[in-house]
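Step one of this worksheet: look at the structure below.
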Amino acid sequence: EGGMGTVKQSDDFTLTGSLPSARAHRRFCELLPQEHRSVEESLQARVSLEQILSLPELKANPFKERICKVFSTSPSRDSLSFEDFLDLLSVFSDTATPDIKSHYAFRIFDFDDDGTLNREDLSQLVNCLTGESEDTRLSASEMKQLIDNILEESDIDRDGTINLSEFQHVISRSPDFASFTV
Amino acid sequence: MQRQWSVQAPGEPEAEPGGEELCEQEMKRLCLSQHPVRVLPYAMMDKRFIRQLREPEGVKTSCWQQWRRRRQTAGRRLGEAARRLTRGCGLWEGALYEIGGLFGTGIQSYFTFLRFLLLLNLLTLLLTSSFVLLPLVWLRPPDPGPALNFTLQCPGSGHLPQTGVSKFNNLLWNVFTGRAFNNTYLFYGAYRAGPESSSTYSIRLAYLLSPLACLLLCFCGILRRMVKGLPQKMFLGQDYRSPLSAKVFSSWDFCIRGQEAATIKRHEISNEFKMELEEGRHLLLLQQQTRAHRACHLLTYLRVNILIGLLVVGAISAIFWATKYSQDNKEESLFLLLQYLPPGVIALVNFLGPLLFVFLVQLENYPPNTEVNLTLIWCVVLKLASLGMFSFSLGQTVLCIGRNKTSCESYGYNACDYQCWENSVGEELYKLSIFNFLLTVAFAFLVSLPRRMLVERFSGRFWVWLDREEFLVPKNVLDIVEGQTVTWMGLFYCPLLPLLNSIFIFLTFYIKKYTLLRNSRASPRRFRASSSIFFFQLVLLLGLLLAAVPLGYVVSSIRSSWDCGLFANYSAPWQVVPELVALWLPPPSQRILYYLGSHAFSFPLLILLSLVLTVCISQSQASSRAIRRLRKQLVWQVQEKWHLVDDLSRLLAEPGSGDSLGPESPVSRGSRPRSFCPGFPCPGSPGPRPRKPGPSLEDPAGLRGVSVPAHRFRFPSGSEL
């Protein structure tokens, strides 16, 4: 009883919108082994990264590892609890504000977790987008030209990296960003 | 949520005292801020902690606060429900989700557009039926009696207007041509009303104003959606280039769920980046061209456009002759074919035209973006021009616009050939609408389906080259916009045409979905969702304007039929309005209305609008100046920070205290966001990680062209700011 009450209360903390917490809880329980699926245990249990990565919504996503790392609250950042799962759904729902989405997008794209997007982050980002196969990879000179263009357009304070406010500034001008929804 | 760490000399220990102080400051700020907890970008355990800090559990929240919170939750739920309603009550949500997952948001936007048009049509229908049909059925006004008996002086003996021409009394044929519905509420002719009086509901006014009101509402709705999808240009004096950085950050479509779709998306993204880079290089080359080269370039540009323009002119004159021929030869034995000749010619022209355009444009070797845009623009021009020419040639035959025919002189319209010309025009538009829909169905089941089956069955070289049909979003959008434009054109003559169009759109959704999922392959050409919203709404808006112009002309200056409809005794339908104004309103209000409608009012209105426009423009110019200033100031501040760090590290290094690790750029340390948490490291915190060295001092990135004397503190001169 207390368990489901806690689950329903999570509605106040999330922006899941059309997917209420109870349904999210059911999805989460499907990932747990059979014997741990009671309400109390599921709220405390953690699901390993491999299982989350097998979700159909994330399977084809090139950023799936980064997504899991960003939302994980465990010390070694390799497992997700139910609340982390709710956080994930909340940010990716269509009722989340662009502010929150851009904040988390920034953290997902920040591959080395240093708080800014430097050249290595950007080049890793582009490689994720274009894939690893021969005919889609960008050559070194193309990559350099692309990153130079990006920094020229978005790095307002000219320090060679893109920080959160610059990122949010760029994103706010792009009406495409609503596709950051699962 | 940035936190600026205090600048630290490299010798000092790790963050602990400063970090805790910052945590406290941050906690204080979060407690005091009014933002609801759910919009804070923290993990849930942090959010719970913040909420506990804001409202400790022991303290009872006052009734006022509880009530306020309940009200906020209710308001939020109401807002979400309203948003769902405007997006279509969740109609087809599952199908749209599936399409988006398999094909991306570019193709999904076409289906969302279909839903939007369905809503527009249903709204129009609701307006018309509630203001015109329901009162008509309820009030049941008396029939004005048989029409005035007058003899028509028409050339040719025994020439009776529109009698028994239909040799085929086939019911199906009558349905397709609209004759079966001649005396129903589908067409203008069946509406009747008694003379106007000051106390009854005026059906005439409702009938007149409802198309105009519908067009106005649709105009506002389209404009609103268009502005939302407007690509925001980079201003501030830079050349307009599509912001590549925004493309990079928002190009992955997180809705994609399948592996093949992901692979296709990767190819698309890679192609787009390569294309953009190539265009950038091309642009650089172009700017280095000599003037002679540029003139030559312009000439080739003009050449292909003039050629295509000539083709378009030829196409629409073909439509003109086809319509004229069909109207002039209504009693021929080839009657069947001639009934559908104008729609057939329009369809043929719009089928061959784009193929020719693509071929011609590709001969010129433009960059791919330009090719796509040019072809698209000409297709839109062709589509709208063919509809415009169709309505003009109808006007010529029925109303003698632009030519002098004696039959029109006496009655203002071609009374010899058309007893009830509004019905004839309505029938033509009705036929066009049905023909377009039948064509869609025919293409889906008689072209795409066999093509897919043949390609799957055979494996010769021809079949491999032919492959399945490509689902081209622009072409499908233009088709549906054409249907909508025809519906808008026909609002006055055929008030229930939106009902028909709604049914057609509903069926088109399922047909196109079937075609997409079974018989098509994904197009390698990318069509971005954002620019497509803008493009769709722009084309729809052009169609609306195209439909509004003839309607305005007919309503204000053309004489209605003597014999049928609501405006039989008026010189133009708009004359109902002055009559009703005189009947209903007291004289002072009448004078005010007349003044508002007169020419003299337009001068103060114009002056007022110019004032408002001037203020807006000057505001935006001032804002852009301020933005430029602020940008320069930001750059200067960052430079100043570096100089301070240099100076500080130099000063601290001098007394010989240990190993100075070399000054690190303050920015790489200072702008790390750290989500606080009570105790253990949280997501986003740097954690025990080896710090990457900041950008080296020899080439501080971004300070190109500005020489930085490394250990000198420099005030900027006034010209820099």
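Order of the sequence lines sets the chain letters (A, B, ...), proteins ahead of strands, with each chain counted from 1.
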### Task
For each of A/Pro62, A/Ser133, A/Cys128, tally heavy-atom pairs with chain B at distances under 4.5 Å, and name the one with the top tally.
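Ranked by heavy-atom pairs under 4.5 Å with chain B, first place is A/Pro62.
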### Interface residue of largest heavy-atom contact number with chain B, from A/Leu129, A/Val170, A/Leu55, under 4.5 Å
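Max contact count across the listed options: A/Leu129.
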### Query
Quick one: do the A/Asp84 and A/Thr73 side chains pair a donor with an acceptor below 3.5 Å?
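Result is yes, a qualifying pair exists.
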### Query
Does any non-hydrogen side-chain atom of A/Glu120 lie less than 4.5 Å from one of A/Phe111?
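Contact flag for A/Phe111/A/Glu120 side chains = no.
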### Query
Which residues satisfy the salt bridge (charged side-chain N to carboxylate O under 4.0 Å, His left out) test with B/Arg281, sequence neighbours excluded?
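Here no residue qualifies.
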### Query
Quick check, are the ring centers of A/Phe71 and A/Phe85 under 6.0 angstrom apart?
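They do not qualify: ring centres at least 6.0 Å apart.
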### Message
Taking the six-membered ring for Trp, are A/Phe63 and A/Phe109 closer than 6.0 Å centroid to centroid?
### Response
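Here the rings of A/Phe109 and A/Phe63 have centres that are less than 6.0 Å from each other.
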Please classify the contact between [X] and chain B as side chain, backbone, both or neither, with a heavy-atom cut-off of under 4.5 Å.
X	value
A/Ile156	both
A/Ile162	side chain
A/Leu88	neither
A/Arg119	neither

